[in-house]
Amino acid sequence: FSVTKNGFYYGSLETDYPSVSYLAYHLQALNIVPLFSVTKNVLPTYEAIVQLMKSTSAKTLELTSDSSNIVQLLREELARQIKEAPIVVLPQSGVDVQVDVDCPNAQFKVEDSFKICTGMAVGKLANYTVTLTARSCEALKATPNVTIRFSGFGDVVVSINPICSCPCESQQVANDTFCSQQGSNTCGLCSCNHGYASVDGGKFCGCDTTDTSCTDKGQVCSGRGSCQCGVCQCNTPSGAGTSNRRIYGNFCECDTFSCPKDGRGRVCGGLAQGACNCSTCQCNLGFQGLACDCPISEENCRAPGDTTRVCSGEGNCTCGQCSCYEGFQGDFCDVCQDRSQCAGQCSRSEVCLTCKSPQDPGCALCRGVKEVPPQTIPYTIEGTTAKQCPKQDENGCDYKYWVAVNPTVRGAVKPFYQLHVENVKSCPEKFDYIPLVLGIVFGLVLAGILLLLIWRVVVYYRDREEYKRFMKTQGDQQWAKSQNPFYQAPTSNFVNPQYGK
C-alpha cells in the first residue's frame, strides 16, 4: 500500500482511483450526497462503501436488472431527503453542540444524538435551535468556525470571535455603593454577596434572598420564576410555538398552557373554543367541558334535512355527538339494529295513551300523559323537541298528541316517552240511514216499474209491426193454375172402327 510511516496515504497521487475516505472528504466539503444505484449482485460491496462514507449521508439504491427503475429510485430518495431534512454539525474541538428542533407540522426522531424532523414536505417549516457551548475560552480560540450542514441543502458557518478577558476585571471594588454595599463591582456589574440577589440586569444587589415572601407550599415561585425583592418574577417560556404561552400569578402558579387538552391536543380546544386561565379552561360562548371541547349546540346531531329532531329522535346529543338508544346506531342514530324497534315514535309510544300506571303491560317506558290545548310545530316538552302524532279514538274522532323521547333522563340507554294530548277532537257528523234506505228501495221499485213499462211498449210496437208485415204478405199472395194429373173427365170418346165402311 502507498502509505507513509505516519499513516498518510499517497496512492491517490499516483493512480486514477482515490481512496474512499479521500472521496468522502471532498463530497462532504462540497455538500454532495452520493447515491449508488447498483444491481443486486454488487449491492453488498457498495453497502460496505457507504459505511465508510457515513459522513456524507451516502446511500445505496437497488436497481432492477434492466435499470428501468432508476428514475423512480432517485425521486423517492429526493423525497426522503426533503421529508427528513437531516442536520449534521461537523465535529469541532473545544465546542459542545446541542440541537433542538420544533416540528409544528411534522414529527421528529433522534438520530446521532440530534433531533431531526420527519414527515416534512415542500411548504412545511422546521425550526432548528443549535446551542454552542465553549469548553473554555482558549479552546474556543482554536475553533473559530463551526459548520452546521443540512444534508443536501447547504451549510451554515458560525464564526466565533471570543473575548476572554476585559481590562476592567482587575479594578474590582468590593462592597461598592453601586451594589448596595452587598456586592463587588466588576466592570459595571455587581457580583452579589451570599444572601443577596441582583435586579435590573445584574445591578444593585438590593434584594435579600432569605425573604420568604416568594415561597408557597415550600417552593420559591413554584419553581417557575425567581424571587426579586420579595416579588416573584415569572419565567418567560422560550422556543418556537411559545408566543402565546405565559406564566403568571403571585407565586408563578398560573399559566396559559397547563389546562386540559381536547382530542386534537389543543389547550382548551384552541383559542376559538376557550382560553386557559390558571390551569382551568374558561370556555367561549357555545362550548363547555373541562377542555371546552363540547359544543352546546345540537346542530351537529341533526341529520341533513332534519331540522326538528335531534339524533333522529333515537338518541341524546352529547358534546356534539349522538349517543344512540338501544337498537339504533349511526352518526345520527338513523340506522336500526333491531327491527322490532324500527317502528316510529308514534307507533311505539301509542300504548302510553291507555296506561294508568308504569306497572301496566307495555307501560314501563311511559312517563305520564298530560292534556294540553292545540299546539303548533315546533313544540317542546321540558326542553326536548316533541313529535306530533295523529290518532283516532273508538268513536272515529280524530285528534293529535305530542311525544317527547327521554325529555328528562339524559344518557339513558332505553328511551322514555312523555305525552301531551290535545284536548280538541274532530268527530264526523252522525248520519241518518233510514231516509237513505227508503230512498234506495223507492228508487229500485220505480226503476222496476219503468223498466216494465218500457218492455211492454217495446213488445206492443214490435207485435204491431209483425202484424202489418203479415197482412201485407197475405195481400200480395197469388195461387198458380195447373192441371191435376189425377183428374179424369166424366165422359169417354170411342171411335167405331167399322164406322164409315
Side-chain angles (χ1 to χ4, degrees), residues 98 100-104 108 115 127-131 133 172-296 319:
Q98 179 181 351
D100 292 309
V101 63
D102 182 17
C103 307
F108 72 85
K115 291 181 180 179
N127 299 312
Y128 285 93
T129 302
V130 181
T131 303
T133 304
Q172 186 181 75
V173 180
N175 296 325
D176 189 13
T177 55
F178 180 75
C179 299
S180 304
Q181 296 183 341
Q182 297 296 337
S184 300
N185 184 349
T186 305
C187 297
L189 296 177
C190 290
S191 177
C192 301
N193 299 335
H194 179 71
Y196 290 87
S198 300
V199 294
D200 297 337
K203 301 177 181 178
F204 304 124
C205 297
C207 294
D208 185 358
T209 59
T210 60
D211 190 344
T212 59
S213 301
C214 299
T215 302
D216 180 52
K217 298 179 181 179
Q219 198 172 23
V220 176
C221 299
S222 303
R224 303 196 295 179
S226 59
C227 184
Q228 297 184 5
C229 299
V231 178
C232 283
Q233 299 294 323
C234 302
N235 298 336
T236 300
S238 60
T242 60
S243 57
N244 294 324
R245 295 186 175 188
R246 186 168 63 93
I247 300 174
Y248 61 97
N250 293 335
F251 301 100
C252 301
E253 74 280 9
C254 298
D255 60 52
T256 61
F257 51 85
S258 295
C259 291
K261 299 180 180 179
D262 63 5
R264 298 171 59 183
R266 300 176 302 180
V267 176
C268 299
L271 296 178
Q273 298 179 199
C276 181
N277 184 13
C278 202
S279 302
T280 302
C281 287
Q282 294 183 342
C283 302
N284 296 337
L285 184 65
F287 294 91
Q288 61 184 356
L290 293 177
C292 300
D293 54 349
C294 184
I296 298 176
C319 289

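Just so we're clear, the structure is a prediction, and the values are computed from it rather than from any experiment.
The CZ atom of Arg224 sits 9.0 Å away from the CG atom of Asn235 when rounded to the nearest 0.5 Å. To the nearest 0.5 angstrom, Asn250 atom CG is 9.0 Å from Cys234 atom SG. The distance from atom CG of Leu189 to atom SG of Cys179, rounded to the nearest 0.5 Å, is 8.5 Å. Distance check: Asn175 CG to Ser184 OG gives 6.0 Å after rounding to the nearest 0.5 Å.
Between the Asp293 side chain and the Cys319 main chain, no donor and acceptor come within less than 3.5 Å of each other. Between the Asp262 side chain and the Ala291 main chain, no donor and acceptor come within less than 3.5 Å of each other. Between the side chain of Thr256 and the main chain of Arg246, a donor-acceptor pair closer than 3.5 Å is present. Formation of a donor-acceptor pair under 3.5 Å by the Tyr196 side chain with backbone atoms of Gln181 is not found in this model. Ser222 places a side-chain N or O within donor-acceptor distance of the main-chain N or O of Phe251, the cut-off being under 3.5 Å.
Nearest heavy atoms, Cys259 versus Cys268: CB-SG, 3.5 Å. The two atoms that bring Val231 and Cys214 nearest to each other are N-SG, 3.4 Å, heavy atoms only. Considering all non-hydrogen atoms of both residues, Asn284 and Leu271 come closest at ND2-O, 3.1 Å. Minimum interatomic distance between Cys276 and Asp255 (heavy atoms only, all atoms of both residues): SG-O, 3.6 Å.
Cys205 has its SG atom at least 2.5 Å from the SG atom of Cys190. Sulfur atoms SG of Cys221 and Cys232 are positioned under 2.5 Å apart. If you check the gamma sulfurs of Cys281 and Cys292, they are not less than 2.5 Å from each other.
Residues Pro237 and Phe257 meet the side-chain proximity criterion, which asks for heavy atoms closer than 4.5 Å. Inter-residue side-chain proximity for Lys217 and Glu253 is flagged as unmet; no heavy-atom pair is nearer than 4.5 Å.
More than 12 heavy-atom neighbours from other residues, nucleotides or ligands sit within 6.0 angstrom of CD1 on Ile296.
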